[in-house]
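First the proteins, then the strands, lettered A, B, ... as listed; each starts at 1.
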Amino acid sequence: MPHLTDAPIDATALATLLAAVAAPDRGGIATFLGLVRDHHAGRVVLRLEYSAYAPMAEVVCAEIVAEAEGRWPAAVALAHRLGPLAIGETAVAVVAAAAHREAAFAACRWVIEEVKRRVPIWKREFYADGTVAWVDPTAAAGVSP
Amino acid sequence: MPHLTDAPIDATALATLLAAVAAPDRGGIATFLGLVRDHHAGRVVLRLEYSAYAPMAEVVCAEIVAEAEGRWPAAVALAHRLGPLAIGETAVAVVAAAAHREAAFAACRWVIEEVKRRVPIWKREFYADGTVAWVDPTAAAGVSP
Amino acid sequence: MTTSIPAVLTVRVLLFARYAELLGCERLDLRVPAARGAGRVTAADVVAALRARPGGERLPARPLLAVNLRQQPLETVLAEGDEVALLPPLAGG
Amino acid sequence: MTTSIPAVLTVRVLLFARYAELLGCERLDLRVPAARGAGRVTAADVVAALRARPGGERLPARPLLAVNLRQQPLETVLAEGDEVALLPPLAGG
């Protein structure tokens with residue numbers, strides 16, 4: 001299953017991710033959903049658009065999942081949305097199942113941090129004032145000039 | 001919405017919990033699902049049964065949710081299943097939404113720990129060898145004699 | 001004739017899970033006298049009365065308990081009609 | 001006539017997001033000479049060549065980059081036909 005998707009990560013997609021990691025010997029599933037917020041760096045966001053270096057992003061997502069499954073006794077599923085997204089839509093979903101909750105939480109938390117740190121994906125925000133900017137987590141203003 | 005339920009906590013129920021905490025200014029939702037495992041303390045579990053001191057359990061669940069929402073800038077939803085459960089079914093669901101993921105994870109993690117610590121709910125396990133026991137997290141054997 | 005702190009009370013007792021099995025009962029109204037020399041009835045007196053019943057000897061001397069839906073220490077002073085619940089080790093979540 | 005480490009290579013360059021906007025281009029094949037005095041072409045030479053193009057002056061001197069789908073340092077030695085991607089600050093998740 002590819003990690004990048006143009007389709008909404010909705011309740012059905014989440015159920016698919018959960019089913020992919022659930023097993024009779026796994027008693028805990030930790031999940032993180034990243035949703036599109038209506039504001040960023042003090043500006044009102046109307047919508048946004050994710051783009052990716054898709055072949056590399058798929059490879060890096062697979063590496064992150066494999067590394068997490070190596071670090072913790074957990075099964076991990078990961079999906080990241082691309083294309084235009086409305087406020088409130090899910091941009092990213094991380095699901096981690098393990099026998100016990102400690103490993104599930106730890107793996108889930110680690111994966112979302114690594115996704116932000118390593119996966120070549122970019123976000124363009126469209127603001128209420130008509131302007132547009134590329135989000136830049138490394139910039140003081142939060143966006144590229 | 002009561003926190004205790006006799007109905008399955010399935011994809012639809014999870015979607016309802018997610019919808020209850022989602023908001024345009026909340027960019028992260030952390031979720032924990034506790035599922036019925038097929039083994040416990042070295043024994044093969046076939047099914048189990050949760051019972052509760054229901055009026056007190058509802059009060060304590062509401063207190064835990066309110067305390068979490070006071071400690072973190074988060075919105076929290078909590079559901080715990082009662083009655084007979086099959087392996088793989090969801091026993092408990094905690095959902096925490098916040099502007100940022102740190103608060104969402106922290107609130108979610110805290111709530112599940114407090115649920116285990118404070119809510120008057122009991123679990124009876126039915127084993128493959130025909131025996132039955134009350135789960136006792138304070139006992140060395142994991143169950144009451 | 002009544003006093004503000006009677007030395008005998010009737011309370012509603014709730015038993016759950018393993019404790020209900022031990023006593024063979026889930027709820028009962030119990031007339032509880034104060035401990036010898038004490039002017040007030042406490043939750044500990046309820047536990048002592050239950051431990052004196054058939055099957056009750058296997059109840060712990062200091063179980064978790066709730067008075068009127070709230071966890072309280074064993075030393076809690078009770079009032080007429082209080083609901084006292086004995087809580088086996090919690091196993092939710 | 002060829003040498004095992006030619007001083008001029010043709011590489012496939014990919015530009016994304018803001019960098020694609022700056023250069024007005026998402027992909028190009030670029031003939032890149034090694035830096036003066038160096039026998040090998042590195043990713044830094046690709047960046048230098050891009051910075052010399054119209055719009056390229058606003059590219060950072062040391063951008064994140066990937067060679068053949070993997071993040072690599074600027075000093076990475078390239079081979080003919082390598083895919084070199086310049087990555088603006090990542091913003092996934």
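- With C:Pro89 as the fixed residue, the side-chain contact (heavy atoms from CB on, under 4.5 Å) test singles out one of B:Val135, B:Val143, B:Thr138: B:Thr138.
- In the displayed structure, C:Arg53 atom CZ is contacted under 6.0 Å by at most 12 heavy atoms of other residues, nucleotides or ligands.
- By number of non-hydrogen pairs under 4.5 angstrom with chain C, the leading residue of B:Lys116, B:Glu58, B:Lys123 is B:Lys116.
- B:Trp122 places no side-chain N or O within donor-acceptor distance of the main-chain N or O of C:Gly92, the cut-off being under 3.5 Å.
- Within a 6.0 Å radius of CZ in C:Arg12, other residues, nucleotides and ligands contribute more than 12 heavy atoms.
- Here B:Tyr53 contributes atom OH and C:Glu26 contributes atom CD; the two are 13.0 Å apart, rounded to the nearest 0.5 Å.
- Contact detail for C:Leu90 and B:Pro120: the closest heavy-atom pair is CD2-CA, 3.7 Å.
- Heavy atoms closer than 4.5 Å to chain C are found in the backbone of B:Arg118, but not in its side chain.
- Although no hydrogens or angles enter the test, the distance criterion places a donor-acceptor pair under 3.5 Å between the side chain of B:Tyr50 and the main chain of C:Gly93.
- Interface remark: B:Glu63 contributes side-chain atoms only to the contact with chain C (heavy atom separation under 4.5 Å).
- Smallest separation of non-hydrogen atoms from C:Phe16 and B:Ala52: CE2-O, 3.8 Å.
- Residues C:Gln71 and B:Met56 meet the side-chain proximity criterion, which asks for heavy atoms closer than 4.5 Å.
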